[in-house]
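Notes follow once the structure below has been shown.
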Amino acid sequence: MKHLSRLLPVLVLAACGKQPADNLTDALAVDPVRLKALRAQCATDRHTAGEDTCRAAAEAFRRRFFAGQTGPDEY
């Protein structure tokens, strides 16, 4: 029981960590509204948005563009 009480906070903190870039890219590729908002944030303040997040947004946009999923207002 002592080990579980020590392990639980570690697991909770690990679950609250940043989402991996691959998962974020996939999530953004299927959510054009969130992708558009994040790309706008990256354009205005890349430092606040985070480099990994902006790269994931760029990759999601690239995937949508080359898959033919973008609308005329996205590019």
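Just so you know, residue 1 is the first one in the sequence shown, and it goes up from there.
- Taking the side chain to side chain donor-acceptor pair (under 3.5 Å) definition, one finds that T44 meets it with nothing, sequence neighbours left out.
- Every residue meeting the side chain to side chain donor-acceptor pair (under 3.5 Å) condition with E51, not counting sequence neighbours, appears here in chain and number order: R46, R55.
- The two atoms that bring A57 and L28 nearest to each other are CA-CD1, 3.8 Å, heavy atoms only.
- In terms of heavy atoms, R64 sits closest to A29 at NH1-O, 3.0 Å.
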Side chain to side chain contact (heavy atoms under 4.5 Å, CB included) evaluation trace for L24 with R34: CA-CA 11 Å; L24 180 59; R34 184 174 170 206; 3.4 Å; yes
